[in-house]
Each structure stands twice: as C-alpha cells, then as structure tokens.
Amino acid sequence: MKKRLVSRHRRRTALVGVGALTAGLLLTSPQSASAANLIKNPGFETAGSDDIPYCWKKSGWGDNDFTFETVADAHSGGKAMKVTLTRRVDGDRKALITESAECAPVVTPGKQYDLGLWYKSTTPDTSVTLFRHDATAGWQYWTDLKTLEMAAGWTEATVRTPEVPAGTDRIAWGVSVYGTGSVTTDDYTMDQVADPVPDPVCTGTAEECANGRWDVLPTQNPVRSMHSVVLNNGKVLLIAGSGNSEQMFEAGTFTSAVYDPENGTYKQIPTPKDMFCAGHVQLQDGRVLVMSGNKGYPSADGTIGYQGYKDSYIFDPVTETYSKTNDMNDGHWYPSATVLGNGDVISFGGLKEDSTGSVTAELWSDAEQKWLELWKVNQTWSYWGLYPSMILMQDGRLFYSGSHVFGNNIPGTGSAIYDYGANTVTQIPGLQNKDQRDQSASVLLPPAQDQKVLTIGGGNIDSNPDANRLTDVIDLKQPNPSYVAGPPLPQGTVDLGNGKVPQTGNQGKMYVSAVLLPDGKVLETGGALHNRADPVYESSLYDPATGTFDPVAADPEERGYHSSAFLLPDGRVMATGDNPGNGSWNHDVSIYTPPYLLKGQRPKITSVIDTEWTYGDTQRITVDRPIAKAELIRPAAVTHSSDPNQRFVDLPLSVDGNNVDLNVTSNPNLAPPGWYMLFAVDANGVPSVAKWVHLQGPSALSATDSSAHVHDFADDLKGKVTGPGKKRTSQKVGPTVSGCDRHYGSVNVCVPTDFPPAVKATTKSRCDWLKKNDYGRLKVNGKDDPLRLDPNRDGIACGKGDVTRRQPA
C-alpha cells in the first residue's frame, strides 16, 4: 500500500462535515500573509464586547452545550480564541468574523482569496466555514472549505476560496466546531489571489474555439445500446439486451459491448438476459449493478404491455463478464437506481412481471451484496413511475426532480422529497407544466455542495404535443425549497421529414442528454420534438454561475429516443444511439470536443500520492503548472435522459508551488463511495486528462451517530406530507404506456397513439406522416383499427386503397 500523506486517525463511525465547495480556483504561489491581510483584529488583541474580541462574534445552531472564551495560550501575542462543545445532539458552534460593514472583509466578485489561521484542536469535527453578503439577498451561508485535523500543538491551516459569486460584496468566515472537544485559533490571514494567467491561444478555427466541434467516428457501435456506463478503467459498457428488437428477443440474442476510447475498438460481451430498459449503477468497488430488464414485449394486439423481470446481474470491468445476484422482490422494467452515502442502492418504479406498475422500493445492501428481503425495506407503497429521477441530497434524503419517462408525472406537484428514515414523502412546488416533463433531463449542478438541481425540457408521449423549452432550477439549501423558472432552452433546427427547419414558437425538445463537464458547465444536447420522431439539432452549455445557456455546435446525428451522451476521462463527450418510431437504429457515434480543449496546452496531473481516498482526507497531487481548481466527477451510468448519480464534487485546495493538497469532503452523501474521475483545471477552464481515484470510508450516518454537519437545508418544508399508504401489490398501468399503438406493425415499431399536433385526424394525413417518417409496410394486428389507417380492411395500414378512399370530414 502506498504511504498516505497524512495520518488516518480520523476514521470513525460518525461522519461529519459538509464537503468542500470551491470553483474556479487559481493556483499560484500564495502571497505573503503580511502583504495585505484583510482581517481586522486577526490575533484577537483588541477587546470587544460580551467577552469576545472586536470584530468577532459567537454563532451556531442546534442542540449542544458550549463555551466561547478568550485565552492566553496564543500562537503569537497574548490572546487566542477557544470554542468548546461538551455535549452535542446536532448543529455546531462558530467563532466568526462579525457580519457587518465595519468588520467583514470587502471582496470582489470573480476574485479568489487565500485564507489562513493557526489552531490547536482536540476534536476531528471542525472546519473552516464561509458566509457571504449578497447585495440583494443579504447574509447567507456559502460553504465549508476545509476540515481541520486534530492537533495538539499550534498548526497552520490554509485554503483557497472559490471565485466570489456575482453580487457578493463582503464575506465572513471562521471555524465551526460540530463534535465534542475544543478548538483554539489565532492569527487569521486573508489575501487576494493574483490575477489569472494570460488568455489562451486558440488551436482550432475561430468557430471551433467558440463552440467546440463534433466528429462522427469511422467505426460504428456494433450493438443497439441504450445504456451507457463509463467504467473505472476508462472503457465504456454499452448495453443493448435485445435492443428493442423483437427478432433478437425471440432468438434469445442479447448483446453488450465494451468500447475502448484509447483505440476506438469494440468488444462484444456475452449477455445473459434481455437488459433492454434495465437500471444500472456503479457499486463502490467499480463493478456495475444491472437490475431488471425486459421479460416480455407487448402482445401484438396491445392487450398486454411490457413486462419486467426480477433478475439482477453484476458486470465486472476486470473480467468483462456478468454474474447473477439474488432476485429483486418485484420486476422493474424502467427502474430508478440511486447509490446512497453508505454504498447501498435504492430503486423505485418500473413495470412488474404482469405489466402493472411496481410500488415496491428495493434496497441493495453493499454490506451483504444482495437485494434485501421486502420486510427489511421501508415502503410507502408509492408508484413513482418509470425511470423517476431520484437524486441523493447532502443529508441522505432523496429529491425526486420530476424527470421521468412516458406520459404524465406523478400526482400532486410533480416533484417531492423522500425521507427514507422517516418514510415520508413531501411535495415540492414550482415545477412548470409538470405533466409535460416526460424524458426531460435533471442534473445536480456543479458543484454538488451547492445542492442545486436543473431540469431541462420534456414532452408527453401520450398526448404528443410539441416538446417544450422549459427549464427549472431548485436550491435545496433553502429551508423551504421551490423550483423557479430558468432561462428557456435555446432553439435549433428540427427535421420534420422534409429537411431541417428552424424551431419556432415554444418548440423545445424531449429525450435530452445533460452532461457535467470538468470546467463546471453542463452540456445539454440531442433530443426530438415528438414521440420518437422529428429530431432536434441543438446543443448548448449551461453555466450555473450565471444561470444562462450558450448555444454551441450541434451533434450532426439524430439523437432522440434511446440515445445517450456522457463524459469521457479525456474531457470529451461521447454520444450514441437513436431509435425512431419506425424501429430503425442509428449506429453512428459522435464525439464532442468542447471549446476548453482548443485553448492550448492542457495541465497535467504528474502524480497522485494515493489513489485510495477516505472521507475527510487531505490528499496531495502534483501538477506540471498552475491550475485553477480540482474536482471529482462520478462516471456516467445513463439511459433515457436519466443519470441521477451524476455529480461534480469540488475539492478545496491548499497550494505549495506545484504540490496541491486536496481537501476531501467528509460527507458521503455529497460523494457516495466509489471510483471517480479526478480533474485538475487551469484558470482558462482547460482540464487535465482525468486520474482515477477510489473514495470510500465508514458507512454513512446511522441512528447512533452524530448528525451530519449540515445546516437546516430543506428543513422547513411546507408541502403536503404523506406517510406510508395502504399496502398493495401494484399500480394499474395501461398497455400503451410507451405511447405506441400495437395494432400496427411489429413490436419494435411505434405508431403513435396520438400524432403530432400538425397531423390532421384523417387517414391521409396520418399515412402521409408515417410515410414521411419511413415506417414502410404496416400490418394490422387483429381486427381493430383504432387510428383508421386501414379503411379498406385488407389488413395493411396505409395501403393505396386506404389513402384514396373518401375520408370523413
């Protein structure tokens, strides 16, 4: 085992500490503390009121016993400040700079600041905490930057702030204590970091440097994959199962492939079951848990819908083989899959073996390596729908964002917080047009410590309106969070069957892919205007710092239903798949090179002292030149616009030349255990190639542990609260849940139950649309013809005799 940088004496059962937040950190040699210290009374030598030094104050929250005192045991001079907790149930106590114009240091938006202090500590549960003053919103919590190691003697701690957000004019900071013991501090420093390096030199065309570049690879994806998982060796697992092909299903031919971005090759993998529309997630050891899949396609006459099986498998990236686990309690075709802070996986929704909706929550135990028995799992007997986007919050609760697949949303507001421990569901307001968010995308925005979620676009395959441009943002750090409207999606072009035309009105897209990038932005790409038809060509970058979209180069390939896009370790984005209603498949693969890769030389991580990380660690890397920030990005496991585990976790920095110490969050709910891509990013937003690191540690909070060091985020919810309902077996779900009328064509062909708004309700208009979208010859299954596509009743829809017959007005 490699030697660790610091002692690991802080392994413990009580996991504490909001993880560090930092963004846009410019690394240069720290300036001299004596050059321009912005702290008033940094050594506490000037007395104030209430037994606290001038320009400092007592602060904190929660149920605990504490003392604040000025002591003579100082690092320099004659005074230091000591905070002691003798009993703690929850909360913390802080010694902070006074939040006033007289005392709080003035800061400049976009700048960064080096913070330093000397301390002694008898508790591992202490951190450097920041607050900021917004000119509009006033004082508010900003972040915890650094967890301080226990220290018997005077020890220096330094850390760099994020870029100061827009609208911020002052900050206040100090030390939080959130475990029993004491911390004594002295000699605080705060200095503005030097300005960034010069602007980069563009290495592509002016258009490429502004908007990036898409390239279609010469080698096609050999499988009809709708599931994409980036493995911890940098390869990509592409799962097709039957690939939405009844011929392959009937033949028992199920496929997967492993793609190697290094050499552009594919290796086909024996696949034991039809994993078409399964759920998947990376376990903490790097293996991939694949749950449920397709037990059976709908019947030809549409009386029986899709069926999900109970089987579950694990894919091993080392052996590149699948092995079976125990069964789930229910079948779950289209299940959610969210990894928790202790490495367990929770799953909701999907269709059972009998085509009804599953109301059974499932829990994979990391400790036992199995799906737990039903009686061991908390149940509300709620039906969450198909692929409900369930995002882990920093206190262990789950946020259902409202993104889902197929038709209408859940009843109520369409968004909710689920508390597994209390087994309650609380509705969250504000989601716009909640029943037209089918196959929208939701992401936990960078950095995860900000606890903001963005939801993008969507439609409804049942009613089949034009997909929308809606975006919504929610700040889960607010005591009573609510979605607020974000900026509308930029519009691109749409192919309605006669070539590309500009989008008009409120036309947006469903089947959206959203990818977190190492520069802290989000790439949204792909999509279509209607149910498995009318591809939209548009991509843009969303900047969480400004809340704006910037249109960039669009993927030249169709990327609608069953497409996916995901981040590769080299900082590029790979996009694959498209499965329109006529049953065809797009095997072309696109690669997006973002603008940040066309700005000159990339920084390089020349060494990682230790790739095995634990929560609360300080880990050292070396870089070949100054960088701006470092972060962990969890590798993708994406399907149907859904990857609820995607997250970007900032790592606050302490800098000594090319040696950079990274402060790892001590809260596993912010960064659930597993393998992560570690990126170092320079001041121009150019990322290194990622290094792989493995984050694990003690399990997340248990009933006997102290509560996490979190403020009362989302803790004053006003929405309707429901507990467990009456135990039931399932939710009735119609066989046309996929928006396809099975009276026509084969199983993998989707004739829409409701045509787009521009298509008149006549045989000719509908048949013209089907012809324009390459549906070809459609056999009528059975005697019913609900869409009036076979007026001459010869068993063939949209035949010559059908479209020439006189149509009813």
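The first residue in the sequence is number 1, and the count goes up from there. Predicted, not measured: the structure shown is a model, and the values here were computed from it.
Counting all heavy atoms, side chain and backbone alike, Pro481 lies closest to Leu717 at CD-CD2, 3.5 Å. A pairwise comparison of heavy atoms in Ser666 and Tyr615 identifies CA-CB, 3.8 Å as the closest pair. Smallest separation of non-hydrogen atoms from Ala80 and Thr185: CB-O, 3.5 Å. Here the closest heavy-atom approach between residue Ala157 and residue Tyr119 is recorded as CB-CE2, 3.9 Å. Heavy-atom minimum distance, Ser389 versus Pro644: OG-CB, 4.2 Å. When all heavy atoms of Arg397 and Ala714 are compared, the closest pair comes out as NH2-O, 2.9 Å.
Here Arg160 contributes atom CZ and Asn663 contributes atom CG; the two are 12.5 Å apart, rounded to the nearest 0.5 Å. One distance of note links CG of Asp114 with CG of Asn37; it measures 11.5 Å at 0.5 Å rounding. Atom-to-atom distance recorded for Lys477:NZ and Thr143:OG1 is 6.5 Å, nearest 0.5 angstrom. Rounding to the nearest 0.5 Å gives a distance of 6.5 Å between CG of Asp191 and CG of Leu38. Atom CD1 in Ile346 sits 10.5 Å away from atom CG in Leu372 (nearest 0.5 Å). From Ile428, atom CD1 reaches atom NZ of Lys720 across 14.0 Å, with rounding to the nearest 0.5 Å.
Atom CG of Asp51 has 12 or fewer neighbouring heavy atoms from other residues, nucleotides or ligands inside a 6.0 Å radius. Crowding of Lys370 atom NZ: a count of heavy atoms from other residues, nucleotides or ligands under 6.0 Å exceeding 12. Counting heavy atoms of neighbouring residues, nucleotides and ligands inside a 6.0 Å radius, atom NZ of Lys727 does not exceed 12 of them. Heavy atoms from other residues, nucleotides or ligands lying under 6.0 Å from NZ of Lys58 number more than 12.
Not a single donor-acceptor pair under 3.5 Å links the side chain of Asp617 to the backbone N or O of Gln619. The main-chain N or O of Ala101 is found under 3.5 Å from a side-chain atom of Arg170 such that the two form a donor-acceptor pair. Looking at Ser121, its side chain does come within 3.5 Å of a backbone N or O of Thr123 through a donor-acceptor pair. Side-chain N or O atoms of Arg93 include none that pairs as donor or acceptor with a backbone N or O of Phe68 at under 3.5 Å. The main-chain N or O of Met81 is never found under 3.5 Å from a side-chain atom of Thr70 such that the two would form a donor-acceptor pair. Distance alone, capped at 3.5 Å, is enough to place a donor-acceptor pair between the Ser654 side chain and the Thr158 backbone. Without hydrogens or angle criteria, Ser176 side chain to Asp92 main chain gives no donor-acceptor distance under 3.5 Å. Of the possible donor and acceptor atoms, none in the side chain of Gln696 sits under 3.5 Å from a partner among the backbone N and O of Gln284. Between the side chain of Asn645 and the backbone N or O of Ala337 there is at least one donor-acceptor pair closer than 3.5 Å. Within the 3.5 Å criterion, the main-chain N or O of Thr129 finds no donor-acceptor partner in the side chain of Asp144.
Between Tyr400 and Trp384, a ring centre-to-centre spacing shorter than 6.0 Å is recorded.
Within the 4.5 Å cutoff, side-chain heavy atoms of Leu130 are placed close to those of Leu115. Looking at heavy atoms from C-beta onward, Leu117 lies in side-chain contact with Val128 at the 4.5 angstrom threshold. With a 4.5 Å cut-off on side-chain heavy atoms, Val177 and Arg88 do not count as touching. Residues Pro165 and Trp142 have side chains in contact (heavy-atom distance under 4.5 Å, counting atoms from C-beta outward). The shortest distance between side-chain heavy atoms of Leu516 and Val443 falls below 4.5 Å. Leu96 is not listed as a side-chain neighbour of Trp56, based on a closest heavy-atom distance of 4.5 Å or more. Using a 4.5 Å cut-off on side-chain heavy atoms (C-beta onward), Trp364 and Leu283 make contact. A 4.5 Å side-chain heavy-atom check between Asp472 and Leu454 finds every atom pair outside the cut-off.
Note on ring orientation: taking the six-membered ring where Trp is involved, the planes of Trp675 and His694 are parallel (angle under 30°, cut-offs 30° and 60°). Ring pair Trp173/Tyr188 is tilted by interplanar angle, where 30° to 60° counts as tilted. The aromatic rings of Tyr483 and Phe399 sit tilted, their planes meeting at an angle between 30° and 60°.
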Verdict with reasoning, Ile609 to Ile621, per side chain to side chain contact (heavy atoms under 4.5 Å, CB included): CA-CA 6 Å; Ile609 301 299; Ile621 64 172; over 6 Å; no

Between Val473 and Asp475, does the side chain to side chain contact (heavy atoms under 4.5 Å, CB included) criterion hold? Intermediate values first, please. CA-CA 7 Å; Val473 181; Asp475 183 354; over 6 Å; no

Walk me through whether Val159 and Leu653 qualify under side chain to side chain contact (heavy atoms under 4.5 Å, CB included). CA-CA 6 Å; Val159 68; Leu653 313 171; over 6 Å; no

Show, in sequence, the C-alpha distance, side-chain angles and deciding distance for Leu632 and Leu651, and conclude whether the side chain to side chain contact (heavy atoms under 4.5 Å, CB included) test is met. CA-CA 7 Å; Leu632 300 177; Leu651 300 169; 3.9 Å; yes

I'd like to know whether Asn329 forms a side chain to side chain donor-acceptor pair (under 3.5 Å) with Glu373, so could you lay out the CA-CA distance, the side-chain angles of the two residues, the decisive distance to 0.1 Å, and finally the verdict. CA-CA 7 Å; Asn329 295 292; Glu373 297 84 352; over 6 Å; no

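The side chain to side chain donor-acceptor pair (under 3.5 Å) with Lys120 is formed by just one residue from the set Asp73, Thr155, Thr184; it is Asp73.
Between the side chains of Asp187 and Ser76, at least one donor-acceptor pair of N or O atoms lies under 3.5 Å. Under 3.5 Å, the side chains of Asn423 and Tyr418 contain a donor-acceptor pair of N or O atoms. For Thr86 and Asp65, the side-chain atoms include no donor-acceptor pair closer than 3.5 Å. In this model, a donor atom of one side chain and an acceptor atom of the other lie less than 3.5 Å apart for Tyr54 and Glu102.
Under the 4.0 Å criterion applied to side-chain N and carboxylate O atoms, Asp716 and Lys718 are assigned as salt-bridge partners. A salt bridge links Lys57 to Glu99: at least one charged side-chain nitrogen sits closer than 4.0 Å to a carboxylate oxygen. Ion pair Lys452/Asp450 not flagged as a salt bridge, since none of the NZ, NE, NH1 or NH2 atoms sits closer than 4.0 Å to an Asp/Glu carboxylate oxygen.
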